[in-house]
Amino acid sequence: MKEFAYQRVFDVSGALALLDADPGARFLGGGTNLVDLMKAGVERPARLVDVRELPLGRIEPTADGGLHIGATVTNSDLAAHPDVRRHYPALAQAVLAGASGQLRNMATVGGNLLQRTRCGYFADVTRPCNKRVPGSGCSAVEGEHRNHAILGASGHCVAVHPSDMAVALTAFDAVVSYETTDGPGALPLTGFYLPVGDTPHLETALPQGALITGVTLPPAPPAAARSRYRKVRERASYAFAIGSVAAGLDVRDGVIRDARLAFGAVASRPWRAAAAERALIGAHPGGEVFAAAADAELAAAEPLPHNGYKVTLMRNLVVAVLTELAEEAAR
């Protein structure tokens, strides 16, 4: 591992000043992803700026009835918070589906959003990877890609984003707030992650040197209060998804009034299933309607030779989760 400097900070302005003065520095939260990448030689920061002691560790209601989640809130505290469990149950379920209890105790909300792909070629510095070394090529396209993207990918990168939490946040219109030396800013999570295109190394729309300070959820609509997160993985625990769905339904008088749907592990970013949502709203809940909605979204899928199974998997997953939600609404 490359030698690096380490400095703990206690205020946001001090953290930003350190990064501004040292372009080779990186912010360190729980370190559950960054430190692993440093060990592998993928990340080689000259300085780590530890932000865990910043005053960003609270979950608080907003004036309009939403919820603000500080960037240094741990994943464990987020999943256990009563307002999250009551108003956004799919978010709590998504967090609990990720990693182990020990890692959730360390991992932070801000760090979770910025975690890098778990593509094996990205983590192997001996193999070409456009995300790690722009212009070097994508080894996964012709290599091992069974768990890679079927939506929104390109010939330059087919890796998927690993976060469970971000999938649920995407379904509920979360907004990421940040600070820079020029002042504060905000990005809707649907615009936070950049499309792959021909620049897969550019992953987010955050300005250079920005520090995530929190995530804000708008007031929970009925579809969020009745929501669910379902994750499919290759072993029962402590594994990244091969496909996941965050879903919420608002059914009244036998009609779907609102639907929230986001997919995980199928694209380079959490995938808001807008076409599926449009197909659901105004329809009567049922298996055929749910399948048609899934098909409307998955029509854009472009699977690789060894990951076409994900199209069927996601279709079945959408139908199963929406059926469970509809049955709950009918009771």
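Predicted model only: the values in this text are computed from it and were never measured.
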Exercise for review: List the atom of L151, the atom of A267, and the distance in Å for their closest heavy-atom pair.
Suggested key: O-CB, 3.2 Å

Exercise for review: Could you check Q93 against R228 for side-chain hydrogen bond (donor to acceptor under 3.5 Å, both in side chains), going step by step and ending with a plain yes or no?
Suggested key: CA-CA 7 Å; Q93 294 163 14; R228 184 161 301 178; 4.9 Å; no

Practice item. Could you tell me which non-hydrogen atom of N307 sits nearest to which non-hydrogen atom of A149, and how far apart they are? Key: ND2-O, 3.1 Å

Practice item. Applying side-chain hydrogen bond (donor to acceptor under 3.5 Å, both in side chains), run through D182 and T180 and close with a yes or a no. Key: CA-CA 5 Å; D182 294 325; T180 70; 4.6 Å; no

Review point. Is F263 close to V167 at the side-chain level, that is, under 4.5 Å between some pair of heavy atoms?
Key: no

Practice item. Locate the shortest heavy-atom distance separating A71 from T108; write the atom from each residue and the value. Key: O-CB, 3.4 Å

Study note, to complete from the structure: Those residues at least two apart in sequence (or on a different chain) that pass salt bridge (charged side-chain N to carboxylate O under 4.0 Å, His left out) with R257 are D253

Exercise for review: Can you measure from CG (L249) to CG (L280) and round to the nearest 0.5 angstrom?
Suggested key: 6.5 Å

Review point. Can you find a pair of side-chain heavy atoms, one from V95 and one from L91, that are under 4.5 Å apart?
Key: yes

Exercise for review: Starting at CD of Q102, measure out to OG1 of T32 and round the result to the nearest 0.5 Å.
Suggested key: 12.5 Å

Practice item. Taking H87 for its side chain and A220 for its backbone only, find out whether a donor-acceptor pair lies under 3.5 Å. Key: no

**Study point:** CD/E302: more than 12 non-hydrogen atoms of other groups inside 6.0 Å
**Key:** no

Check your understanding: Quick one: which of N112, L189, V109, I59 gives a side-chain contact (heavy atoms from CB on, under 4.5 Å) with V215?
Key -> V109

Review point. With no hydrogens and no angle check, is any side-chain donor or acceptor of T72 less than 3.5 Å from a backbone partner on G57?
Key: yes

Point to revise | Qualifying residues under side chain to side chain contact (heavy atoms under 4.5 Å, CB included), relative to S13, sequence neighbours excluded | key: D11

Check your understanding: Taking C-beta and beyond as the side chain, do L18 and V9 meet within less than 4.5 Å on heavy atoms?
Key -> yes

Practice item. State, yes or no, whether a side-chain contact exists between I242 and R233 at a heavy-atom distance under 4.5 Å. Key: no

Practice item. Could you grab the distance from atom OG1 of T312 to atom CG of L317, nearest 0.5 Å is fine? Key: 12.0 Å

Exercise for review: Using a strict cut-off of less than 4.0 Å between a Lys/Arg side-chain nitrogen and an Asp/Glu carboxylate oxygen, indicate whether D250 and R226 qualify as a salt bridge.
Suggested key: no

Practice item. Could you tell me whether a side-chain N or O of S163 sits under 3.5 Å from a main-chain N or O of A166, the two making a donor and an acceptor? Key: yes

Practice item. Hey, could you give me the CZ/CD distance between R272 and E297, rounded to the nearest 0.5 Å? Key: 10.0 Å

Check your understanding: Step by step, would you call V49 with R47 a side chain to side chain contact (heavy atoms under 4.5 Å, CB included)?
Key -> CA-CA 6 Å; V49 180; R47 179 186 302 271; 4.2 Å; yes

Exercise for review: Using the rule that two of Ile, Leu, Val, Met, Phe, Trp, Tyr join whenever any of their side-chain heavy atoms come within less than 4.5 Å, decide whether V318 and Y309 are in one cluster.
Suggested key: yes

**Study point:** R230 bridged to E324 by N-O distance under 4.0 Å
**Key:** yes

Point to revise | Main-chain N/O of A90 paired to S227 side chain as donor or acceptor, under 3.5 Å | key: yes

Check your understanding: Between the main-chain N or O of V73 and the side-chain N or O of R58, is there a donor-acceptor pair closer than 3.5 Å?
Key -> no

Check your understanding: In terms of hydrophobic clusters joined by side-chain contacts under 4.5 Å, are F172 and L187 together?
Key -> yes

**Study point:** With sequence neighbours excluded, residues passing salt bridge (charged side-chain N to carboxylate O under 4.0 Å, His left out) with E43
**Key:** R26, R116

Point to revise | Backbone of V133 reached by a side-chain donor or acceptor of S136 within 3.5 Å | key: yes

Review point. Of all heavy-atom pairs between C138 and H156, which one has the smallest distance, and what is that distance?
Key: CB-O, 3.5 Å

Practice item. Take N105 and S76 through the test side-chain hydrogen bond (donor to acceptor under 3.5 Å, both in side chains) and record every step on the way to the result. Key: CA-CA 5 Å; N105 288 342; S76 291; 2.6 Å; yes

Review point. Does the distance from a Lys or Arg side-chain N to an Asp or Glu carboxylate O, for R146 and E234, drop under 4.0 Å?
Key: yes

Check your understanding: Should H81 and I69 be marked as a side chain to side chain contact (heavy atoms under 4.5 Å, CB included) after you check the CA-CA gap, both sets of side-chain angles, and the distance that decides it?
Key -> CA-CA 10 Å; H81 196 278; I69 304 160; over 6 Å; no

Check your understanding: Under the side-chain hydrogen bond (donor to acceptor under 3.5 Å, both in side chains) criterion, do T213 and S177 qualify, and how do the steps go?
Key -> CA-CA 6 Å; T213 55; S177 54; 3.2 Å; yes

Review point. Between K310 and N147, is there a donor-acceptor pair closer than 3.5 Å when you use the side chain of the first and the backbone of the second?
Key: yes

Check your understanding: Can R315 and L298 be said to form a side chain to side chain contact (heavy atoms under 4.5 Å, CB included), step by step?
Key -> CA-CA 8 Å; R315 185 180 195 268; L298 294 167; 4.0 Å; yes

Point to revise | Which atom of V311 lies closest to which atom of P303, heavy atoms considered | key: CG2-CG, 4.3 Å

Check your understanding: How far apart are the closest heavy atoms of Y229 and S244, and which atoms are they?
Key -> OH-OG, 2.9 Å

Practice item. Could you check V319, V232, L261, V266 and say which one makes a side-chain contact (heavy atoms from CB on, under 4.5 Å) with V245? Key: L261

Exercise for review: Take T204 and L114 through the side chain to side chain contact (heavy atoms under 4.5 Å, CB included) test and state the conclusion after the steps.
Suggested key: CA-CA 8 Å; T204 77; L114 292 176; 4.0 Å; yes

Review point. Cluster question for you: counting only ILVMFWY and a side-chain heavy-atom cut-off of under 4.5 Å, with indirect links fine, are Y193 and V160 together?
Key: no

Review point. Any donor-acceptor pair under 3.5 Å linking the side chain of H161 with the backbone of S268?
Key: no

**Study point:** Interatomic distance, I281 atom CD1 to I256 atom CD1 [nearest 0.5 angstrom]
**Key:** 8.5 Å

Exercise for review: First locate atom OH of Y121, then atom NZ of K131, and finally report the distance between them rounded to the nearest 0.5 Å.
Suggested key: 16.0 Å

Check your understanding: So, do R260 and E277 sit near enough that their side-chain heavy atoms are less than 4.5 Å apart?
Key -> yes

Review point. Would you say F10 has more than 12 foreign heavy atoms packed within less than 6.0 Å of its CZ?
Key: yes

Point to revise | pair T170-W271: side-chain heavy atoms closer than 4.5 Å | key: no

Review point. So, T117 side chain and C119 main chain: donor-acceptor pair closer than 3.5 Å or not?
Key: yes

Check your understanding: Checking N130 side chain against G137 main chain: does a donor-acceptor pair fall under 3.5 Å?
Key -> yes

**Study point:** ILVMFWY network linking V321 to F290, side-chain heavy atoms under 4.5 angstrom
**Key:** yes

Review point. Do L67 and I212 share a hydrophobic cluster, counting only Ile, Leu, Val, Met, Phe, Trp and Tyr and linking them when any side-chain heavy atoms are less than 4.5 Å apart?
Key: yes

Check your understanding: Within a strict 4.5 Å, meaning less than it, do heavy atoms of the H306 and H148 side chains meet?
Key -> no

Check your understanding: Are the side chains of R132 and V42 in touch, meaning some heavy atoms are under 4.5 Å apart?
Key -> yes

Point to revise | Flag for T62-H68: side-chain donor and acceptor within less than 3.5 Å | key: no

